[in-house]
Amino acid sequence: MILLKKITNLIVSCLAILPLCFSLMFLQSLQAQTKEELLSPKKNQITTYGMGYSQQRYSDLKQIDRKNIKTLSPTWAYSMENLSGEQSQPLVYDGVLYVTNAKWTMAVDIETGRQVWRTQEDFDPAALRVVCCGVSNKGAAIYDGKLFRMTIDAHVKAMDLKTGKVLWKKKFAEWQDGFSGIAAPLIANGVLISGTSGAEFGVRGFLDGWDPQTGQHLWRRYTTPAPGEKGSETWPQGSDAYKRGGATPWITGSYDPETDLTYWGTGNGGAWNPIDRPGDNLYIASVIAVRPGTGEIVWHYQFTPGDPFDFDAVNENILADIKVNGKLRKVLIHADKNAFLYVLDRVTGELLAANEFAKQNWAKNIDLKTGRPVPTDLLDRIKAGEEVEFWPGPRGGKNWVPMAFNPKTGLVYLNGANQPRIFKFAKLDEYKVGQRYQGVQTSVPPQNPNEPNGFYMALDPLTAKPKWKIPLMDYMQWGGMLVTDGGLLFSGKQTGEFVAFDAENGKKLWEFQTGSGINAPAITYEHKGRQYVTVLSGRGGGAPNTPTELREKIPLSGMMWTFSLPKK
């Protein structure tokens, strides 16, 4: 009888904890991101940088629309405890926002804004001297219950998504040599891919592939080829200039699972003065299509051969399917710092369109047959020792701040710059590890008060013709673009305003003062049937050479703001 009673009690106890067991299993499953969740995230998930592998920064959410945007208001604000600037795009999973900056990695509850966990980044403060340009971090990746990020002192690390505990940390280079990590890594076909920064310090750029589970290094793909490698013929023979050649991929790539290719833009050459590196210098200022499993470069396209102007080509590569000459094509859309808007076939790398979208004087046009720019006499004048004013200037026609693409309207929306640069080649000093290696004299002339500093633009990607174009007479802007099916376009201003426009015509519909300059892209997502919009605010990090009067007006800060409509 006693034995029967014990058995009965045991059964009752087991039945009592079954719901808890199932709950724990359910929670655990929610924390285990799969390839499918990266490929097709739900409306309550943002699992990759760019709000999707295609980096379109488009959302089909429309609870917040043109009619009710005036009632959008802050739900909560979270302090980032950081004064060096905010550029990160948060990720969203299971009711939690995951966000990074140079100092912290944080998890925040969506509904309340309360901190779930926060982990401080531990690095030698001396590493800050090799970060160009501005101390920043642009975001993270999540996969299989882990968060992955890069660090200022040239490490890649994995953290437990639930607790913030560091699971593994790997050094990819020596920061003393000029390397740093500021970009969001990318998970592509189960491989963690990371880039590097440091071209201004004469480093040799590369991509790394990692096992996300263990941190094992799988492959390295240098972006300047060594002698005997494909592309080495574009470098001076018998020279080691490629070792200082730059081409750092410091903005996150996009990924096409159908072709199993990931697309990364590469940075400027080292040094800017090309006296020691005559030739096209692959893969400087290019887009490279890379196999995530091996690091193999399948195809490339070079936007600015040799890049003697510091144009870079790291800007995001948006993937889309659009009609070209009546035929649906799988394309890559790229608004380059060199002021041309490009459309490439993302399967083959074929150039389909290249048109000027910002003021420039370095090229007559881009020859569609050869894929090469037809130069003006500007470079010849610089090589002859002349000091010249050229367009676009140090911010390019468009800088790294991401644009958006609406697949329903077929338009790209971007923040454009409109500034010149004074440029003269100088004596190229002897290369010294960890020191600037540029070989130019450069400055920005005073802005013409009658000339816009930049533009908000909605463009046809195939022609670069604007559907609308709004001049920015005060300051060029560093906020990325976000477009939604509510007919809205969100962006931010250096003066602190978070702004919503009518995507149809660019009319400003709403704004909110965040208290500091916005240098980060916004995101939107759904949680329990409610649409939210989140953006980071914090001057610094992403706006070098900020006008003095703006520094005096706008304080340094670090905040994450989340907005929603009033509850009914």
Side-chain angles (χ1 to χ4, degrees), residues 35 38-39 48-50 52-55 138-139 141 143 148 150 156 172-173 179 181-199 203-212 216-226 229-232 234 242 245-268 280-303 312-320 330-334 336 342 344-351 371 400:
K35 290 182 182 180
L38 298 181
L39 291 168
T48 59
Y49 187 79
Y53 275 140
S54 63
Q55 294 214 26
K138 293 178 170 57
Y143 178 63
F148 306 92
M150 302 186 74
V156 179
F172 63 83
F179 292 95
I182 63 173
L186 174 72
I187 296 285
N189 199 6
V191 176
L192 176 69
I193 304 175
S194 62
T196 183
S197 307
V203 304
R204 184 186 183 195
F206 55 81
L207 290 171
D208 280 323
W210 309 86
D211 182 329
Q216 178 186 355
H217 190 242
L218 302 177
W219 51 260
R220 172 162 291 184
R221 171 55 56 194
Y222 283 103
T223 48
T224 61
E229 295 178 347
K230 185 177 180 181
S232 62
T234 65
Y242 72 95
T248 47
W250 55 271
I251 291 292
T252 308
S254 44
Y255 175 58
D256 181 359
E258 293 184 11
T259 60
D260 192 31
L261 291 175
T262 179
Y263 307 90
W264 293 75
T266 65
N268 56 273
D280 286 356
N281 303 152
L282 291 176
Y283 298 93
I284 287 172
S286 302
V287 56
I288 52 176
V290 176
R291 290 271 181 234
T294 63
E296 172 197 2
I297 297 178
V298 175
W299 62 259
H300 76 276
Y301 176 81
Q302 189 170 46
F303 300 101
D312 293 85
V314 296
N315 291 352
E316 71 287 345
N317 298 295
I318 289 178
L319 310 184
K330 298 181 183 297
V331 304
L332 177 153
I333 305 169
H334 177 97
D336 199 74
Y342 296 82
L344 305 172
D345 184 301
R346 69 175 183 265
V347 180
T348 65
E350 176 190 358
L351 178 64
W400 72 267

Exercise for the section: For the residue pair I182 and M150, establish whether any side-chain heavy-atom pair is separated by less than 4.5 Å. Expected result: no
Problem - Inter-residue atom distance F148.CZ - L186.CG, 0.5 Å rounding - result: 11.5 Å
Handout entry: side chain to side chain contact (heavy atoms under 4.5 Å, CB included) between D345 and V347, worked out
Key = CA-CA 6 Å; D345 184 301; V347 180; 3.2 Å; yes
Problem - Pairwise distance CG(L39) to OG1(T48) - rounded to 0.5 angstrom - result: 9.5 Å
Practice task
Without swapping roles, check the side chain of T262 against the backbone of S254 for a donor-acceptor pair under 3.5 Å.
Solution key: yes
Problem - F172: partners by ring-ring contact (aromatic ring centres under 6.0 Å, His included), with sequence neighbours left out - result: none
Practice task
Verify whether the ring centers belonging to F179 and F206 lie closer than 6.0 Å.
Solution key: yes
Exercise for the section: Check S232 against P225 and note the closest heavy-atom contact, atom names and distance. Expected result: N-CG, 3.5 Å
Handout entry: For the student: nearest non-hydrogen atoms of T259 and R291, plus distance
Key = O-NH1, 2.7 Å
Problem - I251 backbone acceptor or donor facing E316 side chain under 3.5 Å - result: no
Practice task
Taking all non-hydrogen atoms of both residues into account, name the closest pair between A285 and A313 and its distance.
Solution key: C-CB, 3.4 Å
Problem - Nearest-0.5 Å distance that lies between atom CD in E350 and atom CG in L332 - result: 13.0 Å
Practice task
Please name the residue in the list L261, I288, L282, T223 that meets the side chain to side chain contact (heavy atoms under 4.5 Å, CB included) test with I297.
Solution key: I288
Handout entry: Backbone N/O of G181 and side chain of S197: donor-acceptor pair under 3.5 Å
Key = no
Handout entry: Rounded distance (nearest 0.5 Å) linking atom OH of Y283 with atom OG1 of T234
Key = 7.5 Å
Exercise for the section: For Y49, enumerate each residue passing the ring-ring contact (aromatic ring centres under 6.0 Å, His included) test, keeping only those at least two apart in sequence or located in another chain. Expected result: none
Handout entry: Side chains of W400 and K138 in contact at under 4.5 Å (non-hydrogen atoms)
Key = yes
Practice task
Verify, without hydrogens or angle tests, whether W219 (side chain) and P292 (backbone) share a donor-acceptor contact under 3.5 angstrom.
Solution key: yes
Exercise for the section: Evaluate side chain to side chain contact (heavy atoms under 4.5 Å, CB included) for D256 paired with R346, printing each intermediate quantity in order. Expected result: CA-CA 9 Å; D256 181 359; R346 69 175 183 265; 2.8 Å; yes
Practice task
Measure the shortest side-chain to side-chain distance between I193 and W264 over non-hydrogen atoms and say whether it is less than 4.5 angstrom.
Solution key: yes
Problem - Intermediate values then yes/no, side chain to side chain contact (heavy atoms under 4.5 Å, CB included), L38 and Y143 - result: CA-CA 8 Å; L38 298 181; Y143 178 63; 3.7 Å; yes
Exercise for the section: Kindly determine whether Y342 and Y301 satisfy ring-ring contact (aromatic ring centres under 6.0 Å, His included), including the steps that lead there. Expected result: CA-CA 10 Å; Y342 296 82; Y301 176 81; 5.8 Å; yes
Exercise for the section: Indicate the atoms forming the closest heavy-atom contact of G139 with P185, along with that distance. Expected result: O-CD, 4.0 Å
Exercise for the section: May I ask you to test the W210-S194 pair for a side-chain heavy-atom distance under 4.5 Å? Expected result: yes
Problem - Partners passing salt bridge (Lys or Arg N to Asp or Glu O under 4.0 Å) against K330 (at least two apart in sequence or in another chain) - result: E258
Problem - Heavy-atom donor-acceptor pair, D312 side chain to N268 backbone, under 3.5 Å - result: yes
Exercise for the section: Answer yes or no: is there a donor N or O on one side and an acceptor on the other, between the side chain of Q302 and the main chain of I284, under 3.5 Å? Expected result: yes
Practice task
Taking T266 for its side chain and A247 for its backbone only, find out whether a donor-acceptor pair lies under 3.5 Å.
Solution key: no
Exercise for the section: Grab the two heavy atoms, one from A199 and one from G246, that are nearest each other, plus how far apart they are. Expected result: CB-CA, 3.8 Å
Exercise for the section: Answer yes or no: is there a side-chain heavy-atom contact under 4.5 Å between T196 and V203? Expected result: no
Practice task
Let me see the working for W299 and T348 under side chain to side chain contact (heavy atoms under 4.5 Å, CB included), right down to the final yes or no.
Solution key: CA-CA 7 Å; W299 62 259; T348 65; 5.6 Å; no
Handout entry: Side-chain heavy-atom pair N317, Q55 within 4.5 angstrom cut-off
Key = no
Problem - Donor-acceptor under 3.5 Å (R204 side chain, Y222 main chain) - result: no
Fill in the blank from the handout: Distance col, row R221:CZ vs E229:CD, nearest 0.5 angstrom, shows 6.5 Å
Handout entry: Test item: T248 side-chain N/O and W250 main-chain N/O as donor-acceptor pair under 3.5 Å
Key = no
